Amino acid sequence: IDLCSQGGSLYMVNDKRIIYVWDESTTYAGEPIHAYWNTPKTDLSAKTVTKTLKRLYARGEGGVIMIEWNIGGFVKSERYQMPENDMNVIRIPLQNEGRVFGFRIYNEAGSWFRVMGGVEVRFETKEDG
């Protein structure tokens with residue numbers, strides 16, 4: 001495997017000695033690109049506090065995305081359409097509670113997406129003591 005750039009384009013040679021031009025296509029060697037973003041699992045430095053997830057807000061663009069959330073061992077995945085442009089925010093309802101949570105945002109069937117400015121999560125808390 002090797003990389004080089006020429007004239008503003010990035011070229012890559014894979015392990016099968018095939019040369020690719022790196023761009024924003026939805027396939028790699030004819031196969032869908034499986035893209036994802038995992039957030040770290042976090043307790044927000046508050047292990048004694050139960051968090052109840054309410055909504056996830058994201059700004060971006062592209063096609064269909066899958067959002068998976070994991071909280072307190074409960075895992076759920078839902079399908080959403082990204083906004084038509086990066087001036088819009090999608091508002092995704094969430095559910096369940098736990099002390100630790102994390103997210104995985106990934107594409108569906110190689111569709112293209114971009115998350116801009118990160119995500120925000122609204123949640124409620126209760127002290128367990």
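Please read these numbers as outputs of a predicted model, since none were measured by experiment.
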Problem - Under the side-chain contact (heavy atoms from CB on, under 4.5 Å) test, residues paired with Arg55 that sit two or more places apart - result: Tyr57, Arg91, Pro93, Arg122

Practice task
Any salt bridge (charged side-chain N to carboxylate O under 4.0 Å, His left out) involving residues 79-89? Give me the pairs, sequence neighbours left out, ordered by first then second residue.
Solution key: Arg79-Glu108

Problem - Close side-chain approach of Val119 and Ile105, heavy atoms under 4.5 Å - result: yes

Exercise for the section: Decide yes or no for Trp37 and Thr39: does some side-chain heavy atom of the first lie under 4.5 Å from some side-chain heavy atom of the second? Expected result: yes

Practice task
Supply the atom-to-atom distance Asn85 CG to Arg59 CZ, rounded to the nearest 0.5 angstrom.
Solution key: 10.0 Å

Practice task
Treating Ile, Leu, Val, Met, Phe, Trp and Tyr as nodes and any side-chain heavy-atom pair under 4.5 angstrom as an edge, say whether Ile90 and Leu53 lie in one connected cluster.
Solution key: yes

Fill in the blank from the handout: Between the OG1 atom in Thr48 and the CD atom in Glu127, the distance rounded to the nearest 0.5 Å is 3.5 Å

Practice task
Say whether Met87 and Ile92 are linked into one hydrophobic cluster, either directly or through other cluster members, by side-chain heavy-atom distances under 4.5 angstrom.
Solution key: no

Problem - Polar side-chain atom of Lys51 near backbone of Arg99 as donor-acceptor pair, under 3.5 Å - result: yes

Handout entry: Verify same cluster id: Val121, Val115 (apolar side-chain graph, 4.5 Å)
Key = yes

Completion exercise
Nearest heavy-atom contact between Ser9 and Val21 is CB-CG1, 4.3 Å

Practice task
Identify whether Met12 and Leu10 are in the same connected component of the hydrophobic contact network (ILVMFWY, side-chain heavy atoms under 4.5 Å).
Solution key: yes

Handout entry: With Lys76 via side-chain contact (heavy atoms from CB on, under 4.5 Å) - residues at least two apart
Key = Trp69, Phe74, Glu78, Gln95

Exercise for the section: May I ask you to test the Phe123-Leu44 pair for a side-chain heavy-atom distance under 4.5 Å? Expected result: yes

Completion exercise
Residues Pro32 and Gly110: closest non-hydrogen pair is CB-CA, 3.7 Å

Problem - Pairing residues for Glu120 by the side chain to side chain donor-acceptor pair (under 3.5 Å) criterion, not counting sequence neighbours - result: none

Problem - Heavy atoms from other residues, nucleotides or ligands near CD1 of Ile18 exceed 12 (cutoff 6.0 Å) - result: yes

Exercise for the section: Under the side chain to side chain donor-acceptor pair (under 3.5 Å) rule, collect the residues that match up with Thr50, sequence neighbours excluded. Expected result: Asp128

Handout entry: Pairing residues for Lys54 by the side chain to side chain donor-acceptor pair (under 3.5 Å) criterion, not counting sequence neighbours
Key = none

Practice task
Could I get the full list of side-chain contact (heavy atoms from CB on, under 4.5 Å) partners for Lys47, not counting sequence neighbours?
Solution key: Asp43

Practice task
Please check if the side chain of Asn107 supplies one atom and the backbone of Ala35 the other of a donor-acceptor pair under 3.5 Å.
Solution key: yes

Handout entry: Side-chain touch Leu94/Phe103, heavy atoms, less than 4.5 angstrom
Key = yes

Problem - Point-to-point distance, once rounded to the nearest 0.5 Å, from CE of Met66 to CZ of Phe113 - result: 11.5 Å

Completion exercise
Residues at least two apart in sequence or cross-chain that pass side-chain contact (heavy atoms from CB on, under 4.5 Å) with Glu68, listed by chain then number, are Val75, Ser77, Arg104, Tyr106

